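Heads up, the thing below is written out as C-alpha cells.
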Amino acid sequence: MPIFEYRSTAEGCEHCLDGFDHLQKLSDPELETCPKCGGPIRKQIGAPALAMGGAHLLREKNVSAKGFTQYRKIGKGVYEKTAGKGPGIIRGD
C-alpha cells in the first residue's frame with residue numbers, strides 16, 4: 001500500500017498545516033478533510049521511494065541467506081570473505 005502526502009488548503013491544525021502522511025490503498029477514495037480538525041486538505045505529489053539497481057540485494061545477510069559466499073578485494077590478487085561459507089581469505093599466489 002502506498003503512502004500519500006496530504007497538506008491543508010487553508011488554515012488548519014498542527015497536524016495538517018505542515019502536511020502529513022497517510023497509508024491507504026490505491027482503490028481508497030482520496031481524503032478531503034483532515035482526520036484531526038476536519039479542515040480541507042489536498043493530496044500532494046511526493047518523491048517515490050525507489051531501489052535502483054540490485055545493490056540492496058547484495059547485502060551480506062541476503063547473500064548468506066541465499067547460500068552464496070561474498071568476497072571483497074583487499075589487495076592485488078587477495079580477497080577477504082564478507083559473507084557465507086568458505087575460506088576466510090583467497091590468494092592468487
Side-chain angles (χ1 to χ4, degrees):
M1 286 194 306
I3 298 174
F4 291 102
E5 297 175 24
Y6 288 93
R7 183 177 297 269
S8 173
T9 59
E11 292 184 23
C13 66
E14 187 177 300
H15 178 70
C16 66
L17 196 56
D18 291 329
F20 64 95
D21 297 337
H22 183 69
L23 180 69
Q24 66 185 84
K25 294 179 184 178
L26 288 171
S27 59
D28 288 348
E30 190 174 310
L31 294 180
E32 295 178 359
T33 58
C34 174
K36 303 267 184 189
C37 69
I41 57 172
R42 64 180 166 87
K43 186 164 43 170
Q44 282 189 286
I45 297 174
L50 301 174
M52 301 301 289
H56 64 286
L57 299 174
L58 297 177
R59 294 195 179 121
E60 281 95 15
K61 68 177 185 173
N62 292 335
V63 170
S64 56
K66 302 294 182 191
F68 292 97
T69 302
Q70 182 179 33
Y71 289 89
R72 71 178 163 107
K73 190 173 186 176
I74 59 173
K76 186 173 182 178
V78 182
Y79 296 87
E80 178 183 45
K81 179 179 71 171
T82 59
K85 297 179 182 176
I89 293 182
I90 298 176
R91 298 180 186 273
D93 302 301

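All figures in this text were calculated on a predicted structure; none of them were measured in a lab.
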Around atom CD of E30, are there more than 12 heavy atoms of other residues, nucleotides or ligands at under 6.0 Å? yes
Considering non-hydrogen atoms only, spot the tightest contact between K43 and F4 and give its length. CD-CD2, 3.3 Å
Heavy-atom side-chain contact between F20 and I41 under 4.5 Å: yes
Minimum heavy-atom separation for P2 to L26, with atom names? CG-CD2, 3.7 Å
Residue pair T33 / Y6, side-chain heavy-atom distance below 4.5 Å: no
Sequence neighbours left out, what passes side-chain hydrogen bond (donor to acceptor under 3.5 Å, both in side chains) with Y71? Give chain and number order. none
Smallest separation among heavy atoms of P29 and Q24, with atom names: O-NE2, 3.3 Å
So the side chain to side chain donor-acceptor pair (under 3.5 Å) pairs with at least one residue in residues 74-85 (sequence neighbours excluded) are Q70-T82, R72-E80
Heavy-atom donor-acceptor pair, E11 side chain to G39 backbone, under 3.5 Å: no
Atom of L17, atom of A10 and distance for their closest heavy-atom approach: CD1-O, 4.1 Å
Under the side-chain hydrogen bond (donor to acceptor under 3.5 Å, both in side chains) test, residues paired with Q44 that sit two or more places apart: R7
